[in-house]
Chemist: 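Before we start, here is the structure in question, set down as structure tokens.
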Amino acid sequence: MKFTQMLFGSPLYERAWLLRQKVLRAPLGLQLQNTERDAEQQQLHYGLLDDANNLLACVSVLHISENTVKLRQMAVDPGQQKSGLGRTLLEHVENELKAQGYAEIEMHARVSAEDFYRKLGYQTVSEIFTEVTIPHIKMRKLIG
């Protein structure tokens, strides 16, 4: 298993775009939009690869402030879900962000994933709201 940062617009980033479309948008009958892609140019993108360089999981990170980032669009390949890859990816990302000087991570998590994030130390800090047609909650974790 290899943790890597993906450069915006790189072939690996494009594979992550397709994985996010498959896992996060297609089941809702939606598509990722090019306006979303344009906004991602300034974000950090991370992934987990297997030994054959297959992309297994990915997440994007948006800079919010000097101390805070926002996790966005975490996706794990459907055939690999519930195998610990999400946890592994987040542990690597948290360590990387802490090394960069960030102290807090926030996210808008799907309500269906709240328990997963709670087990990793994230706290729910909002009421339920709708985003991309489904229920979400805001979660936060201090890492520094």
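The structure presented is a predicted model; accordingly, all values stated were derived computationally and were not measured.
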Chemist: For V61 versus V69, what's the shortest heavy-atom pair and its separation?
Modeler: CG1-CB, 3.5 Å
Chemist: Tell me whether N53 at atom CG has more than 12 heavy atoms from other residues, nucleotides or ligands lying less than 6.0 Å away.
Modeler: yes
Chemist: With a 4.5 Å limit on heavy-atom distance, are the side chains of T88 and H92 in contact?
Modeler: yes
Chemist: Tell me the closest heavy-atom pair linking L19 and A75, and the distance in Å.
Modeler: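 Where L19 meets A75 most closely, the heavy atoms are CD2-O, 4.0 Å.
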Chemist: Any chance CG of L18 has more than 12 other-residue heavy atoms, nucleotides or ligands included, within less than 6.0 Å?
Modeler: yes
Chemist: In Å and rounded to the nearest 0.5 Å, what is the CH2 to CG distance from W17 to L32?
Modeler: 4.5 Å
Chemist: Taking 4.0 angstrom as the limit, do E36 and R25 come out as a salt bridge?
Modeler: yes
Chemist: Output the distance between atom CD1 (I137) and atom CZ (R110), rounded to the nearest 0.5 Å.
Modeler: 12.0 Å
Chemist: So, the side chain of K141 versus the backbone of Y117: is there a donor-acceptor pair under 3.5 Å, distance only?
Modeler: no
Chemist: Sub-3.5 Å donor-acceptor pair from the side chain of E14 to the main-chain atoms of F8, do we have one?
Modeler: no
Chemist: Looking at every non-hydrogen atom in both residues, tell me the closest pair between V76 and A57 and how far apart they are.
Modeler: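 Heavy atoms of V76 and A57 come nearest at CG2-CB, 4.0 Å.
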Chemist: Evaluate the criterion side-chain contact (heavy atoms from CB on, under 4.5 Å) for residue pair K22 and D77; output intermediate values, then yes/no.
Modeler: CA-CA 9 Å; K22 176 181 177 180; D77 182 88; 4.3 Å; yes
Chemist: Would you please say whether a donor-acceptor pair under 3.5 Å links the side chains of E114 and T124?
Modeler: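 Yes, T124 and E114 have a side-chain donor paired with an acceptor closer than 3.5 Å.
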Chemist: Could you give the distance from CD (Q80) to CG (L48), rounded to the nearest 0.5 Å?
Modeler: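 Here the rounded value is 10.0 Å.
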Chemist: Pick out which of E106, E104, H63 makes a side-chain hydrogen bond (donor to acceptor under 3.5 Å, both in side chains) with T68.
Modeler: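 Answer to the side-chain hydrogen bond (donor to acceptor under 3.5 Å, both in side chains) test with T68 among E106, E104, H63: E104.
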Chemist: Please report the C-alpha distance between L90 and F116 in whole Å, then the side-chain angles of each, then the deciding distance to 0.1 Å, and finally whether the side-chain contact (heavy atoms from CB on, under 4.5 Å) criterion is met.
Modeler: CA-CA 11 Å; L90 272 184; F116 167 77; 4.0 Å; yes
Chemist: Out of the candidates Q5, R37, E40, only one should pair with Y13 under the side-chain hydrogen bond (donor to acceptor under 3.5 Å, both in side chains) rule; please name it.
Modeler: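 Only one option passes, and that is E40.
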Chemist: Applying the side chain to side chain contact (heavy atoms under 4.5 Å, CB included) criterion to L56, which one of K2, Q81, M1 satisfies it?
Modeler: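 Answer to the side chain to side chain contact (heavy atoms under 4.5 Å, CB included) test with L56 among K2, Q81, M1: M1.
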Chemist: Should L44 and Q100 count as side-chain neighbours, where that means a heavy-atom distance under 4.5 Å?
Modeler: yes
Chemist: Can you give me the closest heavy-atom contact between Y122 and M139, atom names plus distance?
Modeler: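 Distance-wise, the nearest heavy atoms are O-CE, 3.7 Å.
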Chemist: Which distance, rounded to the nearest 0.5 Å, do you find between the OH of Y46 and the CG of L97?
Modeler: 5.0 Å
Chemist: Taking a hydrophobic cluster as the set of Ile, Leu, Val, Met, Phe, Trp and Tyr residues connected by side-chain heavy atoms closer than 4.5 Å, whether directly or through intermediates, do I105 and I64 fall within one such cluster?
Modeler: no
Chemist: Kindly give the heavy-atom pair with the smallest separation between M6 and C58, and that separation in Å.
Modeler: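 It is CE-CB, 4.0 Å.
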Chemist: Among R20, Q43, H45, find the residue that satisfies the side-chain hydrogen bond (donor to acceptor under 3.5 Å, both in side chains) test when tested with Q73.
Modeler: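 Single pass found, and it is R20.
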Chemist: Has Q123 got more than 12 heavy atoms of other residues, nucleotides or ligands less than 6.0 Å from its CD?
Modeler: no
Chemist: Under a single-linkage definition using a 4.5 Å side-chain heavy-atom cutoff for Ile, Leu, Val, Met, Phe, Trp and Tyr, are F3 and V59 assigned to the same hydrophobic cluster?
Modeler: yes
Chemist: Has the side chain of Q33 got a donor or acceptor atom that lies under 3.5 Å from a matching backbone atom of Q31?
Modeler: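 Here the side-chain-to-backbone pair exists.
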Chemist: Measuring only between side-chain heavy atoms, which start at C-beta, is M74 closer than 4.5 Å to V93?
Modeler: no
Chemist: First locate atom OG of S10, then atom CG of L12, and finally report the distance between them rounded to the nearest 0.5 Å.
Modeler: 5.0 Å
Chemist: To the nearest 0.5 Å, how far apart are CG in L142 and OH in Y102?
Modeler: 15.5 Å
